[in-house]
Q: 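Below is one structure. I have some questions about it.
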Amino acid sequence: MALTFDAEHPDRTCDPGMEERLLDLLTRLEVRATFFVQGRWVEAHPSTAQRMAADHLVGNHSHYHCPMPLLSDEGLVADIESAERAFAENLGIHPRPWFRCPFGAGAGDSRVLGVLGRLGYVH
């Protein structure tokens, strides 16, 4: 079984501090999970993101959390690379190869998957 979680922009958080409590629980249970993290979230919560990256697998969940099929190829690259910069500047890591499309939009779109593949990602 694999546990995966999405960490999105802080204005979407319904329960402040929930991520920290979840990390505490996973640590206590000695369970490793995968977190798909939005670049803007990393920028807003760098210390929590650092904790995630230290103890769990972290993947890219875009920067702006928009449906990927709505973006042009250039827009996809710009959004994904913005998230990568947030990861590099705040965590010192690269989220490749894991990517999760926001809302699942684009998971079956050959154009979106092609751009992701060219950038070194697997959805």
Q: Enter the distance from H45:NE2 to E20:CD here, rounded to the nearest 0.5 Å.
A: 9.5 Å

Q: Is it the case that one hydrophobic cluster holds both L116 and L71, taking links as side-chain heavy atoms less than 4.5 Å apart, direct or via other members?
A: yes

Q: Given T4 and R100, is the side-chain hydrogen bond (donor to acceptor under 3.5 Å, both in side chains) satisfied, shown in steps?
A: CA-CA 10 Å; T4 66; R100 178 178 280 170; 2.7 Å; yes

Q: Roughly how far, to the nearest 0.5 Å, is CD of E84 from CD of E89?
A: 11.5 Å

Q: Establish whether L23 and L91 are linked, either directly or via other cluster members, by ILVMFWY side-chain heavy-atom contacts under 4.5 Å.
A: yes

Q: Which pair of non-hydrogen atoms, one from L26 and one from A33, has the smallest distance, and what is that distance?
A: CD1-CB, 4.0 Å

Q: Heavy atoms only: give me the nearest R111-D109 pair and the separation to one decimal.
A: N-OD1, 2.8 Å

Q: Please name the pair of heavy atoms, one in H63 and one in E43, separated by the smallest distance, quoted to 0.1 Å.
A: CE1-OE2, 3.5 Å

Q: Would S62 and Q38 count as having a side-chain donor-acceptor pair, cut-off 3.5 Å?
A: no

Q: Do Y64 and L76 share a hydrophobic cluster (ILVMFWY, side-chain heavy atoms under 4.5 Å, transitive)?
A: no

Q: Indicate the atoms forming the closest heavy-atom contact of V58 with V37, along with that distance.
A: CG1-CG2, 3.8 Å

Q: Indicate yes or no: at least one non-hydrogen side-chain atom of Y121 is less than 4.5 angstrom from one of R96.
A: yes

Q: Can you hop from F103 to L70 via hydrophobic side chains spaced under 4.5 Å?
A: no

Q: Could you go through the side-chain contact (heavy atoms from CB on, under 4.5 Å) check for I80 and N60 one step at a time?
A: CA-CA 8 Å; I80 293 164; N60 193 333; 3.8 Å; yes

Q: Once you round to the nearest 0.5 Å, how far does CZ of R32 lie from CG of D55?
A: 9.0 Å

Q: Please find the pair of heavy atoms, one from M68 and one from V112, that lie closest to each other, and give the distance.
A: CB-CG1, 3.9 Å

Q: Look up atom CG in L119 and atom CZ in F99, then write down how far apart they are to the nearest 0.5 Å.
A: 9.0 Å

Q: Below 30° counts as parallel, above 60° as perpendicular, anything between as tilted: where do the rings of H61 and H65 land?
A: perpendicular

Q: Salt-bridge test for E19 and R51: reply yes if a basic N is under 4.0 Å from a carboxylate O, no otherwise.
A: no

Q: Using modelled atom types only, decide if a donor and an acceptor are shared between the side chain of H123 and the backbone of C101 within a distance under 3.5 Å.
A: yes

Q: Testing the basics here: between N90 and P46, what is the closest heavy-atom pair and its distance to 0.1 Å?
A: OD1-CB, 3.9 Å

Q: Is there a continuous path of hydrophobic side-chain contacts, each under 4.5 Å between heavy atoms, that joins I93 to W98?
A: no

Q: Look up atom CG in L29 and atom CG in D24, then write down how far apart they are to the nearest 0.5 Å.
A: 11.0 Å

Q: Check each of F35, W41, F36 against F5 using the ring pair (Phe, Tyr, Trp, His ring centres under 6.0 Å) test, and report the only one that passes.
A: F35

Q: Less than 4.5 Å apart, side chain to side chain, heavy atoms only: is that true for V115 and V77?
A: yes

